[in-house]
Protein chains: 2
Amino acid sequence: MKIERKKVSMQVFDRIKEYIHEEKMKPGDRLPTEKQLSEMFGVSRTPVREALSVLEASGLTVSKQGGGSIVQETSLTNLIEETQFEFVDSKEVLNLLETRIILETEAARLAAERGTPDDKSQIKRNLEEIRKAQDDNRVGYKEDIAFHNAIAKASQNPILVHSVENLTTLYEKAIRFSLKKNMGVSEKRAQVLSEHERIYTAIRMGNGDQAKDEMDQHLRNACKKFKHSFDQALNS
Amino acid sequence: MKIERKKVSMQVFDRIKEYIHEEKMKPGDRLPTEKQLSEMFGVSRTPVREALSVLEASGLTVSKQGGGSIVQETSLTNLIEETQFEFVDSKEVLNLLETRIILETEAARLAAERGTPDDKSQIKRNLEEIRKAQDDNRVGYKEDIAFHNAIAKASQNPILVHSVENLTTLYEKAIRFSLKKNMGVSEKRAQVLSEHERIYTAIRMGNGDQAKDEMDQHLRNACKKFKHSFDQALNS
DNA sequence: TGTTGTATAGTTATCATACAAATCATGATA
DNA sequence: TATCATGATTTGTATGATAACTATACAACA
């Protein structure tokens, strides 16, 4: 049995998160000052500051000199910066996509078979958002992810939803980095949109097998595009 | 135009990343010491430490007291969140099993198709463990879980492995609680063992379709047994 | 030869203190 | 009321000291 030895700064990190939770702090609320926190936990300012640094890097808080630290609007997707993705290799992303295919094709089938009218109209709204993003000439990561998550939600299986969300947000973070390097994928966006539309149509019609098929093709194409753009990036 | 005022600690953070990149440092390599870094960038140790904290939190490096900071293998797998649910609701267990079916049937197929001889002999060892547990008249949760995880591992997809492990450990927790109430499942254990054996055989033969089928039946039977024992518990 | 104990230097983790810089709050003044 | 000055508060950085830990080398021992 390994002896647990955790850095004080990381314990403080956890405690501050707990604190935010327990006090039900909303975005905009001010945290106690560093001095107060250090007294609260009986440590010096140093580990408190390191904990706050990590919190800020994770997007949970913002510290302003003289102003204090305030909790921030936390969209789960920017939980940790995309910085570390410079070091992931393409194989990992393909593994991620492979796992997404396994989960999301079945999610699509279940969505078609069990989705309520509400679920389906939500999916439709997400589709509209994607279209809008495209009109605005934005890439629309968030909208894409939201579309996929909405389909998972229509499966009526919270565990499945959670698993899918886990992977899609991870994918977004990873892909966002790789797209920074080469933007030459925009011409494919029309194709992606029509894939999305076909998935939605199958779900709306309640055709599980077809929904699964369309999702399968859609994600396999994503694989291909990723490989292609990654190779391009390597050769540049 | 507002002057960009960036905290020194975050500039140091960026510079250290650059440094790792430029020096082409591999996982396992040691970073310069904090003292050296602070001299390198002409700042005090304080911001250097805060930068290192963030680096460590984002999984790029590990700092060990007395040992220095080393760059770490960064894999997407480390970034998957642990699913934290604390439920015992029967509906959730069925959802959990449904998700396991989706993932693990494909995992079994991939294990049959891609598993190395080492992987397969590991699965065999896990099977032996289950048998041994049964001989000792133990229930053998751990052995069961280990068997399923080993199959996932043989898929050669770390993301899939992690996802499966997430669900199996969750399942273990849930089932361990619910089985406390009714132990009347022991007579089915022989059947479970033969299911496990059939899964293994299919994987060993490299028959992906059959492996998937066997896993499917195995988990569906688990569903049935759970429903049955749950109903029993309700009527008692 | 190989293992175990010990000494030593190097390194990180934390503490305490001080000061600089930005922000905030208060009240005076126009 | 609105604006500005000013002092208090708070974060950012610097510095030095101490404790705890690691890695290494070397001696002692079996």
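This structure is a prediction, so every number in the text was calculated from the model and none was measured. In what follows, every chain begins at residue 1, and chains take the letters A, B, ... in the order their sequences are listed.
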Among residues at least two apart in sequence or on other chains, which ones pass side-chain contact (heavy atoms from CB on, under 4.5 Å) with [X]?
X	value
B/Glu22	B/Glu18
A/Lys17	A/Phe13, A/Asp14, A/Leu55
B/Glu23	B/Tyr19, B/Met25
B/Thr105	B/Ile101, B/Lys212, B/Met215, B/Asp216

Whole-Å gap separating [atom2] ([N]) and [atom1] ([X]):
X	N	atom1	atom2	result
A/Ile70	D/dT11	CD1	C1'	13 Å
B/Gln65	D/dC21	CD	C1'	5 Å
A/Ile16	D/dT11	CD1	P	11 Å
A/Lys35	D/dG12	NZ	P	17 Å
A/Leu52	D/dT13	CG	C1'	15 Å

Taking only residues at least two apart or on different chains, which pairs with a member in residues 139-166 of chain B satisfy salt bridge (charged side-chain N to carboxylate O under 4.0 Å, His left out)?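 Applying salt bridge (charged side-chain N to carboxylate O under 4.0 Å, His left out) to every pair that reaches into residues 139-166 of chain B, excluding sequence neighbours, yields B/Arg138-B/Glu143, B/Lys142-B/Glu172.
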
Quick note, side chain to side chain donor-acceptor pair (under 3.5 Å) partners involving residues 109-124 of chain B, not counting sequence neighbours, are A/Glu98-B/Arg114, B/Glu106-B/Arg109, B/Arg109-B/Asp209, B/Thr116-B/Asp119, B/Asp119-B/Gln156, B/Gln122-B/Arg125, B/Gln122-B/Asn126

In the 5'-to-3' direction, what one-character label does each nucleotide of nucleotides 14-19 of chain C receive under the scheme B = base within less than 4.0 Å of a protein heavy atom, S = sugar-phosphate only, - = no such atom? BB--B-

Collect all protein-nucleotide pairs involving nucleotides 24-27 of chain C in which both atoms are nitrogen or oxygen and the distance is under 3.5 Å.
none

Results of ring-ring contact (aromatic ring centres under 6.0 Å, His included) for A/Phe147 - residues two or more places apart only: A/His196

Looking at A/Tyr171, I'd like to know if the NZ or CZ of A/Arg100 sits under 6.0 Å from its six-membered ring centre while staying within 45 degrees of the ring's axis.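 Satisfied, under 6.0 Å and within 45°.
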
